Colleague: 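Pasting a structure below so you can have a look.
The structure presented is a predicted model; accordingly, all values stated were derived computationally and were not measured.
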Amino acid sequence: ARPLLGSGGAAALLKAPLAAGRCGAWRGFASAAPLETPPIEMIRNVAIIAHVDHGKTTLVDQLLKQSGMGIKVTERMLDSKDLEMERGITILSKATRVTWNGYLFNIVDTPGHADFGGEVERVLSMVDGVVLLVDMVEGPKAQTKFVLQKAMSHPKMKPIVVINKVDRPQVRELGEVENEIFDVFATMATSDEQLEYPTLYASGKQGFCARTLQEARAPDRPTTMLALFETIRDSVPCPKPAEVDPATIAADERCKGFSMLVSQMDRLPGLGPTVTGKVFSGQIQKGEKIIAKGLDGEILATGKVKEITIVQGVTREPMKQARAGDIVAVSVTGFIPKWTQTLVSHKDVPPVPCMPIDPPSISVRASVNDSPLVGKDGKNITMLSIGDRLMKEAMTNPAIDIQESPQRDYFEIRGRGEMQIGILIEEMRREGFEMTLSPPSVVKTLGEDGVWMEPWEDVMVEVDNEHSSMVIERMSQRGAKVVDVRTDGDRQCMKFEVATASFMGMRGWIRDASGGTAVIVAEFKELRVQGPPAKRERNGVLICNTAGMATSVDLGKAGRLGPLFITEGIDVYPGMIFGENRQNELDIDTNISKPHDGYKKAESHPPAQEKTLEQALAYILDDEKVEVTPKRIVMRKAILDPRERANAAKAALKMR
């Protein structure tokens, strides 16, 4: 769990409510009475995984509500980030503690979008079982396969299948969804035991779960989630402590060979660097000495345990002692833990092995906002403030990497995809930051033989049959290789291998071409020798050549040339892009802020096609940037002055 604690000392936090932070407005410590870890045989650690919008967070709401803990549950309670609530998706993995009939369930709600796969990967090391949620009507989607593959890579992971939304009016053939799910398991399971999974039928919205479809649709169907509680208890094994040399345990009498893998990282005001993860062995108390070890067993840092906490429901509570098998948050002093490190209590305790996280595949350069309107909307406009915020993000997000330029004039943000980087920039924008962003580019690696390597991706696209040929044709033009095509009713699922550079910008095109019905999943595959640069197809743009305020009269005239990206009343400046030239690939400079005497009538034109941050990044070319402020997301030329821009273009032609 990743709540941010309010400011003040650790003692004050025992009474004060948590301030709104990276995970929203979580509550503070409910009481100062420390909790204790129950016997390990009474613990179950389980993650909820699913395709986007198949009901993960709603299901967790019902488990909290029906656990008997007396929690007042609100809708989508764990999705406490503003962007999670707005987009209806889970962005951050969040662990919560649920007690039921003497058992302790540590339940982790995970994202369903591939761009946030780093959140899924890092929490799977903490759990012993997964609840795979599948929509009764939609069946296993492309994203379902992505998150399930991550879980099945752990051979001892115990899956539970919950077919959700059985109360939906649409009906599939009896056994059809179940067969589709088994086919997915058959291709991904790493052991025969993973194929022997229980299947339940539920409605997270209605708050019930049954063991058969007939029982779920009967007039006297169950009214609670009892079947799911019991199945987690019976099917998911209790945690198995890691083995520690008896001599080490004897030498470490107080902590008995404590070890904990850094699975989640936060920097909590009042508590400092805080690691959330599973205790693999031993036990730990507040005030104990702690050691950070690398994967090779090297001692990297030493410090002390400042506080041990857990999140029970949605309330952060202090812990007296954490023991093997439990998932807790340990705040430390003296050093800042890092990903893949293991916290241990004795120098002879071995580090916990962990699986690597897929590397970042695309990057965007963030620099100060140098437009004429700098400072008008935001308060954080310096490179120092931008860099400080980005470095804090890199500390808590393993899928984000930040590199500072040698000249210190920009920061390179590396991530999994356009959405992940877009979410980070959107958060910063709402925090009062202003910046300019370069077009996205791929993260290349120099091979041992001196050859540049670029990332390739496995891309799954699911569209209606009528759109499949169009998608295949466009992907083939981008150099993609068709690996597999499967038809399921009126939908087709296509799998491609494509260079990340060639796939950039295709998400938006496929969604537009399919009327917003496409499902797209892209996953890092491997590094290959860099190929020729991908061709970018785009028309010219309409560019402002005068500062002022856009008028409806001038926008109406410009609208004859193509779609507009801004509305009237927007402050504009020379070099700012306000529309597209549909007639050809030439850029057109024009004035859209002339003063009018009121006698000219504004021409009618279609509504402005204002672009989101992800759409703007996918749209711009190498000589363009995106200006981001708390109130505006606009595209602009990198060189604002038209004469300087023309001279730079001539110089570039001579260099070819």
Colleague: Which atom pair, heavy atoms only, marks the closest approach of Trp339 to Ala394?
Modeller: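 Looking at all heavy atoms of both residues, the shortest contact is NE1-O, 3.8 Å.
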Colleague: Please step through side-chain hydrogen bond (donor to acceptor under 3.5 Å, both in side chains) for the pair Asn369 and Glu627, ending with a clear verdict.
Modeller: CA-CA 7 Å; Asn369 181 12; Glu627 179 189 358; 3.1 Å; yes
Colleague: Is there a donor-acceptor pair closer than 3.5 Å between any side-chain N or O of Arg636 and the backbone N or O of Ala638?
Modeller: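 Indeed, once roles are kept as given, a pair shorter than 3.5 Å links the two residues.
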Colleague: Do Glu526 and Arg528 meet the salt-bridge criterion of a basic N to acidic O distance under 4.0 Å?
Modeller: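 Yes.
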Colleague: Give the C-alpha distance, both sets of side-chain angles, the deciding distance and a yes or no for side chain to side chain contact (heavy atoms under 4.5 Å, CB included) between Val483 and Phe496.
Modeller: CA-CA 5 Å; Val483 177; Phe496 302 92; 5.8 Å; no
Colleague: Would you tell me whether Ser363 and Ser441 have side-chain atoms, one donor and one acceptor, within less than 3.5 Å of each other?
Modeller: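 Checked: Ser363/Ser441 side chains pair up, N/O donor to acceptor below 3.5 Å.
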Colleague: Only one of Lys338, Gln341, Met395 forms a side-chain contact (heavy atoms from CB on, under 4.5 Å) with Met265, so which one is it?
Modeller: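 Checked Lys338, Gln341, Met395 against Met265; only one passes side-chain contact (heavy atoms from CB on, under 4.5 Å): Met395.
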Colleague: Does any non-hydrogen side-chain atom of Ile402 lie less than 4.5 Å from one of Ile413?
Modeller: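 Yes. Closest side-chain heavy atoms under 4.5 Å.
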Colleague: Within this structure, what is the OG-CG distance for the pair Ser438 and Asp622, rounded to the nearest 0.5 Å?
Modeller: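 Here the rounded value is 9.0 Å.
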Colleague: Looking only at non-hydrogen atoms, find the nearest pair between Ala522 and Arg507 and report the distance.
Modeller: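 Residues Ala522 and Arg507, closest heavy atoms: CB-NH2, 3.5 Å.
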Colleague: Less than 6.0 angstrom separating the ring centers of Tyr619 and Phe565, yes or no?
Modeller: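 So the answer is yes for these two rings.
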Colleague: Measuring from atom CD1 of Ile472 to atom CD of Gln477, what distance do you get when rounded to the nearest 0.5 angstrom?
Modeller: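 Going from CD1 on Ile472 over to CD on Gln477, the span is 12.5 Å.
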Colleague: Mind checking the CD1-CZ spacing from Ile566 to Arg632? Nearest 0.5 Å is all I need.
Modeller: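 Here the interatomic distance stands at 10.5 Å.
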Colleague: Rounded to the nearest 0.5 Å, what separates atom CD1 in Ile620 from atom NZ in Lys611?
Modeller: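 The CD1 atom of Ile620 sits 11.5 Å away from the NZ atom of Lys611.
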Colleague: Do Ser385 and Phe433 make a side-chain contact, defined as non-hydrogen atoms from C-beta onward lying under 4.5 Å apart?
Modeller: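 When only atoms from C-beta onward are counted, Phe433 and Ser385 do touch, with a gap below 4.5 Å.
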Colleague: From Asp458 CG over to Gln149 CD, what is the distance, rounded to the nearest 0.5 angstrom?
Modeller: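 One gets 8.5 Å once the value is rounded to the nearest 0.5 Å.
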Colleague: Taking the side chain as C-beta and beyond, is there a heavy-atom pair between Val541 and Glu624 under 4.5 Å?
Modeller: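 In contact.
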Colleague: Whether Glu580 and Arg582 form a salt bridge (side-chain N of Lys/Arg under 4.0 Å from carboxylate O of Asp/Glu) is what I want to check.
Modeller: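 Between Glu580 and Arg582 there is a salt bridge, with a charged N closer than 4.0 Å to a carboxylate O.
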Colleague: Show your working on side chain to side chain contact (heavy atoms under 4.5 Å, CB included) between Phe503 and Met475 and close with a plain yes or no.
Modeller: CA-CA 8 Å; Phe503 186 64; Met475 290 291 287; 3.9 Å; yes
Colleague: Any non-hydrogen side-chain atom of Glu412 less than 4.5 Å from a side-chain atom of Ser405?
Modeller: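 A side-chain contact is absent here, since even the closest heavy-atom pair is not under 4.5 Å.
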Colleague: So, the side chain of Asp266 versus the backbone of Thr274: is there a donor-acceptor pair under 3.5 Å, distance only?
Modeller: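 No; judged by distance alone, with no hydrogens or angles, the pair does not exist.
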Colleague: Decide side-chain hydrogen bond (donor to acceptor under 3.5 Å, both in side chains) for Thr546 and Ser593; before the verdict, give the C-alpha distance in whole Å, the side-chain angles of both, and the deciding distance to 0.1 Å.
Modeller: CA-CA 7 Å; Thr546 310; Ser593 58; 5.2 Å; no
Colleague: Carefully, step by step, assess Glu434 and Thr629 under the rule side-chain hydrogen bond (donor to acceptor under 3.5 Å, both in side chains).
Modeller: CA-CA 4 Å; Glu434 288 190 10; Thr629 77; 5.1 Å; no
Colleague: Report the distance from atom CZ of Arg365 to atom NZ of Lys625, rounding to the nearest 0.5 Å.
Modeller: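 Answer for the CZ-NZ pair, Arg365 versus Lys625, is 10.0 Å.
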Colleague: Taking the side chain as C-beta and beyond, is there a heavy-atom pair between Leu617 and Glu614 under 4.5 Å?
Modeller: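 No, side chains not in contact.
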Colleague: Would you call Ile425 and Arg430 a side-chain contact if the rule is heavy atoms closer than 4.5 Å?
Modeller: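 No - every pair of side-chain heavy atoms lies 4.5 Å or more apart.
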Colleague: Side chain to side chain contact (heavy atoms under 4.5 Å, CB included), that's the test. Do Val461 and Val521 meet it? Break it down for me.
Modeller: CA-CA 7 Å; Val461 181; Val521 179; over 6 Å; no
Colleague: If you look at every heavy atom in Met504 and Arg478, which pair is closest and at what distance?
Modeller: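 What the structure gives for the nearest pair is O-NH1, 3.3 Å.
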Colleague: Side chains of Ile577 and Val634, heavy atoms from C-beta outward: is any pair under 4.5 Å?
Modeller: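 No. Closest side-chain heavy atoms not under 4.5 Å.
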Colleague: Could you report the tightest heavy-atom contact between Asp587 and Gly540, atom names first, then the distance?
Modeller: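 Closest approach of Asp587 to Gly540: OD1-CA, 3.4 Å.
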Colleague: Within the distance-only criterion (no hydrogens, no angle test), does the side chain of Gln420 pair as donor or acceptor with the backbone N or O of Arg416 below 3.5 angstrom?
Modeller: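 Yes: the side chain of Gln420 pairs with the backbone of Arg416.
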Colleague: Ignoring hydrogens and geometry, is there a side-chain-to-backbone donor-acceptor pair from Glu454 to Gly531 under 3.5 Å?
Modeller: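 Judged by distance alone, yes, a pair lies under 3.5 Å.
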Colleague: After noting the C-alpha distance and the side-chain angles of Glu568 and Thr551, does the key distance pass the side-chain hydrogen bond (donor to acceptor under 3.5 Å, both in side chains) rule?
Modeller: CA-CA 5 Å; Glu568 63 173 306; Thr551 66; over 6 Å; no
Colleague: Identify the two heavy atoms, one from Pro455 and one from Ser361, that lie closest to each other, and give their separation to 0.1 Å.
Modeller: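 Answer, listing the atom of Pro455 first, then Ser361: CG-O, 3.8 Å.
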Colleague: Let's go through Asp589 and Lys637 carefully: what are the C-alpha distance in whole Å and the side-chain angles of both, what is the deciding distance for salt bridge (Lys or Arg N to Asp or Glu O under 4.0 Å) to 0.1 Å, and is it a yes or a no?
Modeller: CA-CA 11 Å; Asp589 289 85; Lys637 288 293 183 177; over 6 Å; no
Colleague: So, for Val443 and Pro360, which heavy atoms are closest and what is the spacing to 0.1 Å?
Modeller: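 Minimum heavy-atom contact is CB-O, 4.0 Å.
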Colleague: Are Arg429 and Glu431 within salt-bridge range, i.e. N to O under 4.0 Å?
Modeller: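 Glu431 and Arg429: not salt-bridged.
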Colleague: For side chain to side chain contact (heavy atoms under 4.5 Å, CB included), just list the numbers for Ser367 and Met435, CA-CA rounded to whole Å, side-chain angles, deciding distance to a tenth of an Å, and then say yes or no.
Modeller: CA-CA 6 Å; Ser367 56; Met435 68 190 81; over 6 Å; no
Colleague: With the threshold set at 4.0 Å, does a side-chain nitrogen-carboxylate oxygen contact exist between Asp641 and Arg645?
Modeller: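 Arg645 and Asp641: not salt-bridged.
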Colleague: Using atom types as modelled and distance alone, determine if a side-chain donor or acceptor of Ser514 lies under 3.5 Å from a backbone N or O of Ile510.
Modeller: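 Checking the backbone N and O of Ile510 against the side chain of Ser514, a donor-acceptor pair under 3.5 Å is found.
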Colleague: With heavy-atom distances below 4.5 Å as the criterion, would you say the side chains of Arg414 and Gln403 are in contact?
Modeller: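 Yes; the side chains approach each other to less than 4.5 Å.
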Colleague: Test your reading of the model: is there a side-chain donor-acceptor pair from Thr342 to the backbone of Val352, 3.5 Å cut-off?
Modeller: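 Yes; at least one donor-acceptor contact below 3.5 Å.
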